[in-house]
Every structure is written in C-alpha cells, then in structure tokens.
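Below is one structure, written out as structure tokens; comments come after it.
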Amino acid sequence: VLLEQFWPSKRFNHSSAVVHSDFLIFGGSTGRNYLNDLWIFKFDDLVSGTWTEIKYDSIPISPHPCPSMVTFNNYDFYFYGSSKIGVNEN
C-alpha cells in the first residue's frame with residue numbers, strides 16, 4: 001500500500017480500532033511526548049492508501065498515554081488513559 005506524504009508518527013501505548021471500513025489511531029507516546037492526535041485510514045480506498053488526520057473543532061483532548069477506544073452502535077467512545085505511569089484518569 002502506497003502512503004501519501006503524511007501519516008501517523010511512530011508511537012506506542014496508543015489506541016486503535018476498526019470502525020466499519022475505517023482504521024483509527026488515537027494518542028499514545030513517542031517516548032518523549034504524549035500525543036492526542038487522531039488519524040484515520042480508509043480501507044475502502046486502498047488504491048490511494050492515504051491517512052487523514054482529524055482536526056479538533058473545539059478544545060482538544062489533553063495528551064495521555066494508554067488511551068482506550070471502543071465502538072458501540074455506530075458511536076465511538078474514547079476512554080482517556082494516564083497522565084503518569086500507574087495513575088488512571090478514567
């Protein structure tokens with residue numbers, strides 16, 4: 001799959017989910033910084049193989065490592081992770 005110029009940065013302790021024909025990645029850590037970005041890859045568009053970063057319309061979610069994401073009845077729910085190792089902020 002060929003990717004365009006932009007795609008999610010390398011990360012760990014992130015959350016990912018498949019929703020219909022979309023693959024979503026949210027947050028995590030680069031090892032130096034916590035992330036709060038949301039990226040989507042559309043499986044139904046494998047020819048172009050593009051990632052799209054979803055920008056916030058309002059106040060962004062604060063960066064946290066180890067977030068959780070789940071889909072229920074076509075709604076996405078994000079459960080925030082820790083601000084420090086071992087401290088949950090759910």
Side-chain angles (χ1 to χ4, degrees):
V1 174
L2 298 174
L3 298 177
E4 276 193 353
Q5 182 177 359
F6 300 102
W7 52 81
S9 61
K10 293 181 184 179
R11 64 190 64 211
F12 60 95
N13 290 336
H14 60 279
S15 182
S16 61
V18 174
V19 180
H20 303 291
S21 62
D22 300 333
F23 177 63
L24 293 98
I25 294 178
F26 174 74
S29 175
T30 64
R32 293 179 155 227
N33 300 309
Y34 295 147
L35 304 169
N36 66 342
D37 53 347
L38 176 63
W39 290 84
I40 186 168
F41 183 91
K42 297 191 171 289
F43 287 121
D44 57 0
D45 191 17
L46 290 176
V47 173
S48 65
T50 58
W51 284 96
T52 302
E53 183 176 8
I54 307 301
K55 298 291 186 177
Y56 298 100
D57 287 336
S58 59
I59 299 171
I61 300 167
S62 61
H64 291 291
C66 306
S68 295
M69 183 184 335
V70 66
T71 301
F72 180 74
N73 285 341
N74 296 324
Y75 293 98
D76 296 332
F77 296 94
Y78 302 95
F79 300 95
Y80 307 102
S82 304
S83 59
K84 297 178 183 173
I85 301 299
V87 178
N88 287 329
E89 292 187 357
N90 294 326

Looking at Phe41 and Thr50, what are the two nearest heavy atoms and their distance?
-> CD1-O, 3.4 Å
Rounded to the nearest 0.5 Å, how far apart are NE2 of His20 and CG of Asp44?
-> 11.5 Å
For Ser9, what residues pass the side-chain contact (heavy atoms from CB on, under 4.5 Å) criterion, not counting sequence neighbours?
-> Arg11, Thr30, Leu35
How far apart are the C-alpha atoms of Phe23 and Phe43, what are their side-chain angles, what is the distance that settles it, and do they pass the side chain to side chain contact (heavy atoms under 4.5 Å, CB included) test?
-> CA-CA 7 Å; Phe23 177 63; Phe43 287 121; 3.6 Å; yes
Contact summary for Ser29 and Gly31, nearest pair of heavy atoms | OG-N, 3.0 Å
Please list all pairs passing the salt bridge (Lys or Arg N to Asp or Glu O under 4.0 Å) test where one or both residues lie in residues 46-55, with sequence neighbours left out.
-> Glu53-Lys55
Rounding to 0.5 Å, atoms CD1 (Ile54) and CH2 (Trp39) come to a distance of 9.5 Å
With sequence neighbours excluded, residues passing side-chain contact (heavy atoms from CB on, under 4.5 Å) with Asn36 | Tyr56, Pro60, Pro63
